[in-house]
Amino acid sequence: MKLASYWHETSEPFRGAKSEPVSGDFDVAVVGAGFTGLNAARRLAKSGMKVALIEAQHVAYGASGRNGGHLNSGLAESFGSASAHMGEERARRLWRAYDQSIDMIERIVEEEQIDCSFRRAGKLKLASKPSHVERLRTMADDIRREVDSSARWLDRDEVRAELGSEAFHGAILYPKSAMAHMGRYANGLAAAAKKHGASIWEHNPVTARHKVANGWKLTTPTGSLTARQIILATDAYTTSAFGYFQRRIIPIASFIIATRPLTEVEVKETLAGNRTYVNSLNIANYFRLTPDNRFLFGGRARFSAASNQRTDQSSGRLLQQQLLSMFPQLKDVAIDYCWGGLVGCTPDRLPRAGKADDVIFGMGYSGHGAQMSTLIGSALADIAMGRTDTNPLEGLPLQSVPLHTGKPWFLPIVGAYYRFKDALP
Ligand SMILES: Cc1cc2nc3c(=O)[nH]c(=O)nc-3n(C[C@H](O)[C@H](O)[C@H](O)COP(=O)(O)OP(=O)(O)OC[C@H]3O[C@@H](n4cnc5c(N)ncnc54)[C@H](O)[C@@H]3O)c2cc1C
């Protein structure tokens, strides 16, 4: 088992980063080369702006190169509870924005000729317990009536026809959801940003920012640059150089394993429907097939804010147990990859984007950002160019999290609470 992201290991790395020290004067400096920063830089460069993209490690080092590859339509919650929380109009706009973010990815993949196996696979949200069926069925009706007429409820037998597991009791089908090879998508975005004229530096963490006459000076270990505006796209990986944001985003680790490629027979016996799947537990598992038919299975195996070799490996073992509890037929199938990454969360699990602390920012996707980050990247580019009407999150305040100083010590307590709830019938 290799402790590495399958997406990193099976995509051609971006090779267009600048080798010289960081320097120059730019219209916009984008910090962080995940989907948010990459698409912001791509769009700005395409619009004729002089843009620098600075990444601490390498393109898609963060969540964008480590996620489950589920491009989910709509919000994670029901439309009714979203409306109660934020008002009907905003809930409707935000729901549409998630759908539009997948349309945007589809368009970019086409326009920029990114070979990343993008596919409208559809998603199933699976009822893990009989007691969840009523709530999910009502949620399906609510979604179908209010925001997505293509969504529908599948009963246990319909689910069983496309999923080789006895663990589920029905599901909501979201046909607009999609999947892609996330490493190839990210590296393709980077190549497109460079093609349009963006200057990209890797292995250059921004360690400080200072106000200068007409903008900002950003310092990195190899040099510094100036820019009129900063776009901060660092999500869960935000460091103390941007402490205002670090105190407002809670990093939570999530982990993934991927098996060896399954045979055609094994695919038929497990994920014949070839969609994206998530179950209905509070500490949910999510799974899908990769383009080469590996079973990719993820979850918040342990509630912590750390992802490193030790945590990833022990989480991988827990995940394998969870996988086998749902698909015992995979007991002799080797796990080839295991990795972890950090999810940037907000207390209400909704992302935030706009301007704060003199910086244009987009983050806090709360595990539902593989699609939305592309759209927010584009909206942040618009803000830098003087337009705010494309930002679906405009006006949602980015509040500090009580007791959170940047290191979320309280996560094990939250994890224990949800584990207890999931253990109830
Ligand atoms: C294990 C896992 C599974 C997930 N699964 C899904 C899923 O299936 N579906 C879904 O919708 N979402 C999923 N997500 C969430 C999704 O991946 C993220 O919401 C999205 O990728 C965020 O993109 P981003 O560009 O905003 O941030 P990131 O991709 O995290 O990029 C931030 C970048 O900023 C860089 N950085 C930080 N500080 C600095 C600095 N000072 N200077 C320079 N660079 C800096 C980091 O190195 C990093 O590369 C998952 C996340 C994880 C971790």
Side-chain angles (χ1 to χ4, degrees), residues 68 70-103 120-156 158-159 163 167-179 252 254 273 275-288 298-300 343 345-352 364-373 375-376 392-393 395-396 414 417-418 421-422 424-425:
H70 294 213
L71 304 173
N72 295 330
S73 57
L75 285 159
E77 55 184 326
S78 76
F79 181 72
S81 69
S83 294
H85 170 66
M86 67 184 99
E88 189 179 325
E89 200 185 320
R90 184 181 287 279
R92 225 174 261 288
R93 183 172 181 205
L94 209 46
W95 196 287
R96 264 203 313 272
Y98 279 95
D99 293 358
Q100 286 163 351
S101 68
I102 305 174
D103 299 343
R120 292 273 179 180
K123 161 190 149 184
L124 292 191
K125 185 175 173 88
L126 299 155
S128 291
K129 301 178 187 180
S131 63
H132 291 184
V133 166
E134 196 48 43
R135 176 173 57 84
L136 290 186
R137 193 194 274 274
T138 308
M139 188 169 155
D141 290 345
D142 169 61
I143 292 168
R144 190 180 167 79
R145 191 177 55 244
E146 297 290 346
V147 272
D148 181 358
S149 59
S150 69
R152 69 184 181 92
W153 176 253
L154 302 187
D155 64 25
R156 192 187 166 96
E158 287 174 289
V159 171
L163 196 66
F168 306 109
H169 306 271
I172 306 176
L173 167 62
Y174 300 75
K176 292 182 188 171
S177 294
M179 58 162 81
I252 303 183
S254 192
R275 304 182 192 273
T276 62
Y277 303 89
V278 62
N279 68 12
S280 60
L281 296 177
N282 288 295
I283 305 178
N285 290 111
Y286 45 91
F287 45 96
R288 56 165 278 189
R300 211 146 290 164
V343 176
C345 295
T346 61
D348 63 6
R349 305 193 61 203
L350 289 176
R352 297 294 193 274
Y365 301 101
S366 303
H368 205 52
Q371 69 300 61
M372 190 59 153
S373 48
L375 183 136
I376 292 301
L393 304 163
L396 270 186
V414 176
Y417 169 71
Y418 283 127
K421 281 186 74 163
D422 284 339
L424 298 174

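The first residue of the sequence shown is numbered 1, and numbering continues consecutively from there.
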Rounded to the nearest 0.5 Å, how far apart are CG of D99 and CG of L94? 10.5 Å
Distance (rounded to the nearest 0.5 Å) between R156 CZ and F168 CZ: 10.0 Å
Closer than 3.5 angstrom, by distance alone: can the side chain of E88 be matched with the main-chain N or O of S83 as a donor-acceptor pair? no
Between R288 (side chain only) and R275 (backbone N and O only), is there a donor and an acceptor less than 3.5 Å apart? no
With side chain to side chain contact (heavy atoms under 4.5 Å, CB included) as the test, would you mind laying out the steps for I102 and N72 before giving the verdict? CA-CA 8 Å; I102 305 174; N72 295 330; 5.8 Å; no
When you look at T276 and Y286, which way does the side chain to side chain contact (heavy atoms under 4.5 Å, CB included) test go after all the steps? CA-CA 8 Å; T276 62; Y286 45 91; over 6 Å; no
Taking atom OG of S101 and atom CG of L375, what is their separation to the nearest 0.5 Å? 6.0 Å
Is a side-chain N or O of S177 found less than 3.5 angstrom from the main chain of S73, in a donor-acceptor match? yes
Do other residues, nucleotides or ligands put more than 12 heavy atoms under 6.0 Å from R349 CZ? no
Does W153 reach the side chain of E158, with side-chain heavy atoms less than 4.5 Å apart? no
Is the side chain of D148 donor-acceptor paired with the backbone N or O of I143 at a distance under 3.5 Å, no angle test? no
When every non-hydrogen atom of G367 is compared with those of V343, the smallest separation belongs to N-CG1, 3.1 Å
Decide yes or no on side chain to side chain contact (heavy atoms under 4.5 Å, CB included) for H132 and R135, but give the supporting numbers first. CA-CA 6 Å; H132 291 184; R135 176 173 57 84; 3.9 Å; yes
What is the distance from atom CG of N285 to atom OG of S280, rounded to the nearest 0.5 Å? 10.5 Å
By salt bridge (Lys or Arg N to Asp or Glu O under 4.0 Å), D348 pairs with (sequence neighbours left out) R352
Hey, is the main chain of G364 close enough, under 3.5 Å, to the side chain of S366 for a donor-acceptor pair? yes
Sequence neighbours excluded, the answer for side-chain hydrogen bond (donor to acceptor under 3.5 Å, both in side chains) partners of R137 is none
What pair of heavy atoms forms the shortest contact from S373 to A370, and how long is it? OG-O, 3.7 Å
List in chain and number order the residues that pass salt bridge (Lys or Arg N to Asp or Glu O under 4.0 Å) with D155, two or more places apart in sequence or in another chain; answer none if no residue qualifies. none
CA sep, side-chain torsions, deciding dist, call: L281, K129, side chain to side chain contact (heavy atoms under 4.5 Å, CB included): CA-CA 8 Å; L281 296 177; K129 301 178 187 180; 3.8 Å; yes
Return the CD to CE distance between E77 and M86, rounded to the nearest 0.5 Å. 5.5 Å
Between C345 and I252, what is the shortest heavy-atom contact and its length? SG-CD1, 3.8 Å
Are any non-hydrogen side-chain atoms of L126 and F287 less than 4.5 angstrom apart? yes
Are the side chain of H368 and the backbone N or O of G74 linked by a donor-acceptor pair below 3.5 Å? yes
Are M139 and K125 packed together at the side-chain level, in the sense that at least one heavy-atom pair is separated by less than 4.5 angstrom? yes
So does F79 get a backbone contact from the side chain of D142, meaning a donor-acceptor N/O pair under 3.5 Å? yes
Taking all atoms of both residues into account, what is the closest heavy-atom pair of S149 and R144, and its distance? O-NH1, 3.2 Å
So, taking the atom named CZ in R96 and the one named CZ in R93, what distance separates them when rounded to the nearest 0.5 Å? 8.0 Å
Closest non-hydrogen atom pair, P351 against L393: O-CD2, 3.6 Å
Hey, are the side chains of P392 and I376 touching, using non-hydrogen atoms and a 4.5 Å cut-off? yes
